[in-house]
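For the single chain, residues carry numbers from 1 onward in sequence order.
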Amino acid sequence: GRRFEVVGLAAGTSRELLARQIRAVKPRWAALRSQADGAWLRALCPEVDVVCGDDAASELASRDDVDVVVNAVVGAAGLAATLAGLEAGRTVALANKESLVVGGALVARALASGGGRILPIDSEHSALLQALDAGRREDVDRLLLTASGGPFLEHDLDAIEKADASQALRHPTWNMGARITVDSATLVNKAFEVVEAHYLYGFPYERIDVLIHPSSIVHSLVEYVDGSVIAQMANHDMRIPIQYALTYPERLSTGLPRLNLAATGALEFRAVPADRFPAFATVLDAAGRGGTALAAVNAADEVLVSRFLRNEIRFGGIAQGVAEILRRWDDEIHEREATDLEVVRRVDAWARAAAASCVCAD
C-alpha cells in the first residue's frame, strides 16, 4: 500500500497546478492565498476543503492530522509555515532556505518549545546529515559544503560584472528556478546554505567551509578530528534527498539510475575565489552580525535578482546592491534582534523598498 497519505496541499497563486495535483493525490485540504482563487478551486474541486489567506499554508502546517510538513515555498514567505509546523510539534522537511536564513533564531526557539524537528531536503544538508551519522558530534572538526561554482567560474571578472540574465541562467549541473539559479551564480545561495548548516547542526561559522566542486557529485563532506573526511555522493537528482527526508532514517529504493563512478572521472575541488563572488562574502558578513541583518540581505537579494532578470541591472549590480543594503542596515535599522516574526517582516519590507530603489552599476 501507500506509505504516505497527502492530507493537504498549499500553493500561493498556482491554482491550475494545484488542481491537477489534487486530482492526482486527493488531499482533504488545499490552501491558496487569494479568496478569488479559493472560490475558483472550490467550484472545480468541491470534495476538498479550501483554506484561503496569507496564513493558509501555516494553518495547514499545524493541523492535527499532519505528521510531516514539506515546505518548499520560495522566499521569506515560507518562514511562517515552518514556525507553525514546528510549534505544533511536527517534522518539517525543509526546502525553504529562507526559514533559517531570515528566521534562524525564531526557528531555534520554535524547535525548543514545540518539540518538532527539521529534516533537510537540500542536497547539501541532506549530505551533511548522512555524513554526520559516521561519528559523534563532539568529534567533528569541520563541515564542508560543495558548490558547483555556477556558470561564471571560468569567465574573466569584467565579463561577469556585465553578464545578463540569459548567461546567468545557464547552470552547469542543476535545473532549478530562476532565483536560485542566479543565486548559485553569485554564490549567495551557498552563503545561505552555510547559515542553514549553522542552525541545523549547531556548528559555529568558522567551522563551516565551502569548496568549489564543479561536477556536483559530492554533495557535502564532514571532517572529523582524526583527519577522516566522510563524503556523501550521488547523481544530482533531487528525488534522492527529498525521499530521504520523508523516510529518514530508513532508505527506500528510488528506482533512479545509480552513480557510475567509473564513468564519472576525476573529482575536482578548489577553494572559493573571493574576487569572483563578492556577494558570498557580504552574506557571511551579515551572518556574523546576526539578528535582522540576514533578513535584510535576503530581501535585498530577492529584489535585486528580480531586477536583474528584468534586465534593469547587470549581474555585478546584485553584489553591489546587497553590500549597499547591509551598509544601510548598519546605519538605519534599530531593530537589530530578530525577536519575533513582525520585526523580521518589518526589516524585510524596509530592505525590499531600499533594494528596489538603490542605484546599482548597470
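- Remark: C52 SG to R33 CZ distance equals 11.5 Å, nearest 0.5 Å.
- Contact check for V305 versus V188: no side-chain heavy atoms found under the 4.5 Å cut-off.
- Heavy atoms only, all atoms of each residue included: L309 and A178 are closest at CD1-CB, 3.8 Å.
- Rounding to the nearest 0.5 Å places NE2 of H125 at 7.0 Å from NZ of K97.
- Between the side chain of Y248 and the backbone N or O of L119, no donor-acceptor pair lies under 3.5 Å.
- Transitive grouping of hydrophobic side chains (ILVMFWY, heavy atoms separated by less than 4.5 Å) keeps Y244 and I217 in distinct clusters.
- Looking at every heavy atom in both residues, H236 comes nearest to S216 through CD2-O, 3.4 Å.
- In this structure, the side chains of I180 and V74 stay at 4.5 Å or more apart for every pair of heavy atoms.
- Other residues, nucleotides and ligands place more than 12 heavy atoms under 6.0 Å from the CD atom of E47.
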| task | Please report the C-alpha distance between T91 and D67 in whole Å, then the side-chain angles of each, then the deciding distance to 0.1 Å, and finally whether the side chain to side chain contact (heavy atoms under 4.5 Å, CB included) criterion is met. | result | CA-CA 6 Å; T91 292; D67 302 311; over 6 Å; no
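- If you take CZ on R239 and CG on L256, they are separated by 4.5 Å, rounding to the nearest 0.5 Å.
- Between V343 and E337, every side-chain heavy-atom pair lies at or beyond the 4.5 Å cut-off.
- We find the CZ-CD1 distance between R276 and I160 to be 4.5 Å, quoted to the nearest 0.5 Å.
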| said: Run L83 and V107 through side chain to side chain contact (heavy atoms under 4.5 Å, CB included) and show every step you take. | reply: CA-CA 6 Å; L83 294 175; V107 171; 4.0 Å; yes
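- Hydrophobic clustering, with ILVMFWY side chains joined whenever heavy atoms are under 4.5 angstrom apart, groups V297 together with V272.
- Counting heavy atoms from C-beta on, the side chains of M238 and S123 come closer than 4.5 Å.
- A donor-acceptor pair is defined here as one N or O able to donate and one able to accept, closer than 3.5 Å; no such pair exists between the side chain of T292 and the backbone of A295.
- Not a single donor-acceptor pair under 3.5 Å links the side chain of E161 to the backbone N or O of L157.
- At distances below 3.5 Å, at least one donor-acceptor pair connects side-chain atoms of H219 with backbone N or O atoms of A234.
- From F280, atom CZ reaches atom CG of N189 across 11.0 Å, with rounding to the nearest 0.5 Å.
- Between V70 and I242 there is no side-chain heavy-atom pair separated by less than 4.5 Å.
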| field | Criterion side chain to side chain contact (heavy atoms under 4.5 Å, CB included) on D348 and R352, from CA distance to verdict | value | CA-CA 6 Å; D348 178 281; R352 277 170 205 281; 2.5 Å; yes
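- Here OG of S113 is found 8.5 Å from CG of L86. Values are rounded to the nearest 0.5 Å.
- The two residues D133 and Y224 make their nearest non-hydrogen contact at N-OH, 4.5 Å.
- Counting only distance, with no hydrogens or angles, the side chain of N235 and the backbone of P257 share a donor-acceptor pair below 3.5 Å.
- By the criterion of side-chain heavy atoms lying less than 4.5 angstrom apart, applied directly or through intervening Ile, Leu, Val, Met, Phe, Trp or Tyr residues, L60 is not grouped with V69; the two fall into different hydrophobic clusters.
- Across L145, L144, T146, a single residue satisfies side-chain contact (heavy atoms from CB on, under 4.5 Å) together with H213, and that is T146.
- Side chain to side chain, S306 and E302 fail the donor-acceptor criterion of an N or O pair below 3.5 Å.
- Annotation: side chain of V51 is not in contact with side chain of D49 (no heavy-atom distance under 4.5 Å).
- By the 30° and 60° cut-offs, the orientation of the rings of F315 relative to F308 is perpendicular.
- V322 and Y205 fall within a single hydrophobic cluster, where Ile, Leu, Val, Met, Phe, Trp and Tyr are joined by side-chain heavy atoms under 4.5 Å apart, directly or via other members.
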Side-chain donor/acceptor pairs under 3.5 Å, residues 14-26, sequence neighbours excluded:
residue : atom : partner : partner atom : Å
R15     : NH1  : D37     : OD1          : 3.1
K26     : NZ   : R23     : O            : 3.0

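- Closest approach of A293 to L326, counting heavy atoms only: CB-CD1, 4.1 Å.
- Using a 4.0 Å cut-off between charged side-chain N and carboxylate O, R327 and D331 make no salt bridge.
- Around CZ of R310, the count of heavy atoms belonging to other residues, nucleotides or ligands within 6.0 Å exceeds 12.
- S62 approaches A84 most closely through the heavy-atom pair CB-O, 3.8 Å.
- Remark: side-chain polar atoms of R270 are not paired, donor with acceptor, to backbone N or O of P214 under 3.5 angstrom.
- A single hydrophobic cluster is seen to contain both L294 and L111, as judged by linkage of ILVMFWY side chains at heavy-atom distances under 4.5 Å, directly or through other members.
- Using a 4.5 Å cut-off on side-chain heavy atoms (C-beta onward), F203 and R137 make contact.
- A salt bridge links R336 with D330: the closest approach of a Lys/Arg side-chain nitrogen to an acidic carboxylate oxygen falls below 4.0 angstrom.
- The side-chain heavy atoms of D122 and E193, taken from C-beta on, include a pair separated by under 4.5 Å.
- Y201 approaches P120 most closely through the heavy-atom pair OH-CG, 3.4 Å.
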| said: One pair to check against side chain to side chain contact (heavy atoms under 4.5 Å, CB included): M233 and L259. What are the steps and the verdict? | reply: CA-CA 8 Å; M233 306 163 74; L259 178 63; 3.9 Å; yes
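- Of the possible donor and acceptor atoms, one in the side chain of N71 sits under 3.5 Å from a partner among the backbone N and O of G78.
- Formation of a donor-acceptor pair under 3.5 Å by the D55 side chain with backbone atoms of S58 is not found in this model.
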